[in-house]
Amino acid sequence: MRFEHFEHGADVGVRGFGATPEEAFEGAASALFSLVAEDLATVRDESSEMLTCSGPDLPELLVAFLNELISLSDVRRLAFGRFEVAIERRGERDLRLAAWAFGERYDPLRHSSRVEPKGATFTALKVSHGPDGWLAQCVVDV
């Protein structure tokens, strides 16, 4: 999974890459949760959570997806380390995302947290296809 962070004032940018939009979204989710558990390899696949969301286009769908993950993680006190995403187009401005997030209960002794993500924003929001594949990015309030 290819992902990275980028600086943005007091907040943090998350960026995922992939051969498909789904892989780029998985990378962005990995970048997000590497803020919660710095080493995603320490997060065990002890539970899985299914989530769905929708949006009129890929950028807005990315924000909805990341915010669903943040909410799910916060409510259930989970750290996620792996993601499987499927995106379906149902109409010209109707995209649906279904995803599985795999992880475990957050353990501060094993999951070295850098910051607590509060929400994905529309700042620096971009989902695009280029010569190297897909990119999905946005800034996360921390």
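Every heavy atom of this structure was used, including side-chain atoms; hydrogens, water molecules and symmetry mates were not.
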Enquirer: How long is the gap from CG on Leu51 to OG on Ser71, to the nearest 0.5 Å?
Expert: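 That separation rounds to 10.0 Å.
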
Enquirer: Tell me whether Leu32 is reachable from Val36 by hopping between hydrophobic residues (I, L, V, M, F, W, Y) whose side-chain heavy atoms are closer than 4.5 Å.
Expert: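 Per the 4.5 Å side-chain linkage, Val36 and Leu32 are co-clustered.
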
Enquirer: Which heavy atom of Val63 sits nearest to which heavy atom of Ala120, and what is that distance?
Expert: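 Minimum heavy-atom separation between Val63 and Ala120: CG1-O, 3.8 Å.
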
Enquirer: Starting at OG of Ser112, measure out to CG of Asp107 and round the result to the nearest 0.5 Å.
Expert: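 Taking OG in Ser112 and CG in Asp107, the distance rounds to 11.5 Å.
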
Enquirer: Hey, could you give me each pair passing side chain to side chain donor-acceptor pair (under 3.5 Å) that has a residue in residues 129-142? Not counting sequence neighbours.
Expert: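 Matches after skipping sequence neighbours: Arg15-Gln137.
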
Enquirer: If a pair satisfies side chain to side chain donor-acceptor pair (under 3.5 Å) and one of its residues is in residues 95-104, list it, with sequence neighbours excluded.
Expert: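 Sorted pair list: Asp94-Arg96, Glu104-Arg110, Glu104-His111.
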
Enquirer: To the nearest 0.5 Å, what is the distance between CG on Leu40 and CG on Leu35?
Expert: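 Going from CG on Leu40 over to CG on Leu35, the span is 9.5 Å.
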
Enquirer: Quick one: salt bridge (Lys or Arg N to Asp or Glu O under 4.0 Å) partners of Glu49, sequence neighbours excluded?
Expert: Arg76

Enquirer: With sequence neighbours left out, which residue pairs that include part of residues 45-67 fulfil the ring pair (Phe, Tyr, Trp, His ring centres under 6.0 Å) condition?
Expert: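 As it turns out, there is no ring pair (Phe, Tyr, Trp, His ring centres under 6.0 Å) pair with a partner in residues 45-67 once direct neighbours are skipped.
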
Enquirer: Among pairs that include at least one residue of residues 54-65, which meet side chain to side chain donor-acceptor pair (under 3.5 Å), considering only residues two or more places apart or in two chains?
Expert: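 Residue pairs with at least one partner in residues 54-65: there are none.
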
Enquirer: Report yes if some heavy atom in the side chain of Leu125 is under 4.5 Å from a heavy atom in the side chain of Leu62; otherwise report no.
Expert: yes

Enquirer: Looking at every heavy atom in both Ala28 and Ala136, which two are closest together, and how far apart are they?
Expert: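 Here Ala28 and Ala136 meet closest at CB-O, 3.9 Å.
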
Enquirer: So do the side chains of Pro117 and Phe33 get within less than 4.5 Å of each other, counting heavy atoms only?
Expert: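 Counting from C-beta outward, Pro117 and Phe33 never come under 4.5 Å.
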
Enquirer: Output, in order, the C-alpha distance, side-chain angles, deciding distance and verdict of side chain to side chain contact (heavy atoms under 4.5 Å, CB included) for Tyr106 and Ser113.
Expert: CA-CA 10 Å; Tyr106 177 75; Ser113 178; 3.2 Å; yes

Enquirer: Below 4.5 Å, heavy atoms only, C-beta onward: do Phe122 and Pro59 meet side chain to side chain?
Expert: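 Answer no - side chains too far apart.
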
Enquirer: What is the distance from atom CZ of Arg90 to atom CG of Leu95, rounded to the nearest 0.5 Å?
Expert: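 The CZ atom of Arg90 sits 10.5 Å away from the CG atom of Leu95.
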
Enquirer: For Glu46, I'd like to know if atom CD has over 12 heavy atoms of other residues, nucleotides or ligands within 6.0 Å.
Expert: yes

Enquirer: The test is side chain to side chain contact (heavy atoms under 4.5 Å, CB included); show your working for Thr123 and Cys138 and say whether it passes.
Expert: CA-CA 6 Å; Thr123 303; Cys138 72; over 6 Å; no

Enquirer: With heavy-atom distances below 4.5 Å as the criterion, would you say the side chains of Leu58 and Phe25 are in contact?
Expert: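 Yes, their side chains come closer than 4.5 Å.
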
Enquirer: Could you tell me which non-hydrogen atom of Met50 sits nearest to which non-hydrogen atom of Thr52, and how far apart they are?
Expert: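 Reported closest heavy-atom pair: SD-CG2, 4.0 Å.
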
Enquirer: Consider only side-chain heavy atoms of I, L, V, M, F, W and Y, link residues closer than 4.5 Å, and tell whether Phe102 and Val43 are in one cluster.
Expert: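 No; tracing contacts between hydrophobic side chains, which count when under 4.5 Å, never links both residues.
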
Enquirer: Could you tell me whether the side chain of Glu116 reaches within less than 4.5 Å of the side chain of Val142, counting heavy atoms only?
Expert: no

Enquirer: Ignoring hydrogens, what is the shortest heavy-atom contact between Phe3 and Ser30? Give both atom names and the distance.
Expert: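 Taking every non-hydrogen atom into account, CD2-CB, 3.6 Å.
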
Enquirer: Does any non-hydrogen side-chain atom of Val140 lie less than 4.5 Å from one of Thr121?
Expert: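 When only atoms from C-beta onward are counted, Val140 and Thr121 do not touch, as no gap falls below 4.5 Å.
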
Enquirer: Can you tell me if Ser73 uses its side chain to pair, donor with acceptor, with the backbone of Ile70 under 3.5 Å?
Expert: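 A pair under 3.5 Å: no.
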
Enquirer: Would you tabulate the side-chain donor-acceptor contacts of residues 77-88 under 3.5 Å, counting partners in other chains and residues two or more places apart, or write 'none'?
Expert:
| residue | atom | partner | partner atom | Å |
| --- | --- | --- | --- | --- |
| Arg82 | NE | Asp45 | OD2 | 2.9 |
| Arg82 | NH1 | Glu84 | OE2 | 2.9 |
| Arg82 | NH2 | Asp45 | OD2 | 2.9 |

Enquirer: What about Leu66 and Val139, same hydrophobic cluster or not, with Ile/Leu/Val/Met/Phe/Trp/Tyr joined at side-chain heavy-atom distances under 4.5 Å?
Expert: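 Unlinked, Leu66 and Val139 end up in two clusters.
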
Enquirer: Show the nearest heavy-atom pair for residues Cys53 and Leu61, with the distance to one decimal.
Expert: O-CD1, 3.9 Å

